[in-house]
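Because only heavy atoms are used, hydrogens play no part in the values below, and waters and symmetry mates are left out as well, while side chains stay in. Order of the sequence lines sets the chain letters (A, B, ...), proteins ahead of strands, with each chain counted from 1.
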Amino acid sequence: MGKNISFFKGFVSLALTCASVITATSCSSGGNIENGGTKSHVVVAGSTSVQPYMEVLAEEYVKFYPDSAVDVQGGGSSAGISAVGSGIADIGMSSRSLSESEVELYQFTTIAKDGLALIVHPENPVDNLTLEQIRDIYTGEITDWSQVSDQFEGDIFPITREEGSGTRSFFEEFVMDGQRITSKAIVQSTNGTIRTLVSGNARGNKQAIGFISLGVLELPGQNPVKGLQIGGVAPTTENLANGSYELFRPFLVVVGEEREESTHFIDFILSDTGQGLLEARGLVRIDGG
Amino acid sequence: MKNFKEKLSGRVFLTLALFSILALAVITIFILVQGAPVIGKHGFAFIAGTSWSPGNGEFGILPMIIGSVAVTLGAAVIGVPIGICCAVFMAEFAPSLMRTIFRPAIQLLAGIPSVVYGFWGLLFVVPFISNHLGGLGLSILAGSVILSLMMLPTIISISEVSIIVLPSTYKDGALALGMTHWQTIRSVQLPAAKSGIVAAVILGLGRAVGETMAVIMVLGNATAIPSSVLEPVRTLTTNIGIEMGYAEGEHRQALFATGIILFVIIMILNISAQYITRNKSKSLKIK
């Protein structure tokens, strides 16, 4: 069997070599005409929560600096950070704080703050929950809307993200406070599907509750959802910026070795233009601007 | 020269055939190497454990095994009677014009991508269940409905063939003895085609157990052991599908281990289908 595997490896590496030779040739010929073959290329990988914002930033960056190319990929925070470690990516995106071991290995920069909004159907009369109530809903202790509201009743259908998701671990850390999310909770793997389930028009959708990134709370052209106030504070970017809304997390970029092209791109993200782009899409800028 | 060509072509075909076997071997070994350590470490608790919480180091997949069984059985309850009746209709009742329309239509049903089934289920079946039966609609029932449709083409085409290939003397003899058409179907043809039909059902079940994309959208994916068909559930396949994105370390190995269990289940189903059809051809020869 070992022979077969090495044969397979050989085949793959042969194919890859062919591919890279072809791309290298085409790249260098194109580059020579434009700028002497020094087109800078930055690979960004990591958190799928940060990814859509990074794509917008990359698009704008390339407009400002046509000689550069930014390649944005997903994969998740942990994968992005380890991709920087192994040199596959120049910049990692993370939607969680770095662990102690990661802090020793990498440099990180906070590029924005993202809020986490608890959402219900617009026709759900509940406007406000306390953190304790949310926790009890997600542990399965509170199972009926009548336990948190005198205007509404029926089973509560809590919806959560999947194990390993940065959004879920953030929720577990700041809301669940060490307690476990009930195994009866519906599990969905994207902000979008949670939003769809909460905003749907069937009877059950009105009894659902979920959590999504504040940046996708209001999406033009999609069914609206209602962001719940937490302890009387509404999930708005203003409340997030002034610190009164508690549920927020940092969006980070992570680099390993210093590289000019990476630094230049990160400077762009932190510039007024970059921060403005992030703010326009529902994030809170880091420069206070 | 001609001899050389013959030999060469034989070798080329052999090499290409080996490639497909090689693919199977590479995948199998990869899954085993990745997944076996977790099964070794947790042992029986991996299969019998009721708590799946990778963050806390708990990897019990009993809820997913129950989920897969429940959704697949549900699909069989809905899909098998429809499939067999449809096969009988096609083999015995349908005028040839209708048959020429039905057959490609049913083949087309097999060609619809599973993500389309899932999307349709999410937008149509799930709200329907929520509105009329309660709950959020993401449920065993929704998954079973979708899977029953997806296993229909397998059940119908294999069952139909196994009825058609019966020696015509069976039917002629029964009719000559004064049996009605329905009596002939019920007491002669269906029993005679039994092994083929059972194999069709088992292959259909295999299709249902292995399906991922369609059910991930309509099952709700909760890790609790369900107590009714209206509750959300997670199957073995969707456990891998929904968590593979961010899984690292032991969590990822546990997902591969889930794949091993799935692999074993599907292998058992396929082997039993083959065993049944082989027995059938033997028994026909004796007759």
Heavy atoms of other groups near A/Phe152 CZ, more than 12 under 6.0 Å: yes
So which of A/Ser77, A/Gly200, A/Ser165, A/Ala79 has the largest heavy-atom pair count under 4.5 angstrom toward chain B? A/Ser165
Cut-off 4.5 Å, heavy atoms of chain B, and the answer for A/Asp155 is neither
Spatial distance of atom CZ (A/Arg203) from atom NE2 (B/His132) [nearest 0.5 Å]: 8.5 Å
Rounded to the nearest 0.5 Å, what's the gap from CE on B/Met217 to OG on A/Ser189? Could you check? 10.0 Å
So which residue, B/Ile216, B/Asn221, B/Leu18, ends up with the most heavy-atom pairs under 4.5 Å with chain A? B/Asn221
Residue part contacting chain B, namely of A/Gln207, when any heavy atom lies under 4.5 Å: neither
Could you tell me whether A/Glu246 atom CD has more than 12 heavy atoms of other residues or ligands within 6.0 Å of it? no
Minimal heavy-atom distance between A/Glu163 and B/Gly55, with the atoms involved, is OE1-N, 3.3 Å
In terms of heavy-atom contacts, B/Leu136 and A/Ile159 come closest through CD2-CD1, 4.3 Å
Closest non-hydrogen atom pair, A/Val187 against B/Arg234: CG2-NH2, 3.5 Å
Atom CD of residue position A/Glu153 - does it have more than 12 heavy atoms of other residues, nucleotides or ligands inside 6.0 Å? no
Heavy atoms of A/Leu197 and B/Leu138 approach each other most closely as CD1-CD1, 3.5 Å
Can you tell me how far CG of B/Asn239 sits from CD of A/Glu162, rounded to the nearest 0.5 angstrom? 11.5 Å
So, B/Glu58 and A/Arg180, do they make that salt bridge, N to O below 4.0 Å? yes
Enclosure of B/Met244 CE (heavy-atom neighbours >12, cutoff 6.0 Å): no
Residue selection (most heavy-atom pairs with chain B, distance under 4.5 Å) from A/Gly166, A/Ala208, A/Gly75: A/Gly75
With only heavy atoms counted, which part of B/Thr238 is less than 4.5 Å from chain A, the side chain, the backbone, both or neither? neither
Correct closest heavy-atom pair for B/Ser130 and A/Gly204 would be OG-N, 2.7 Å
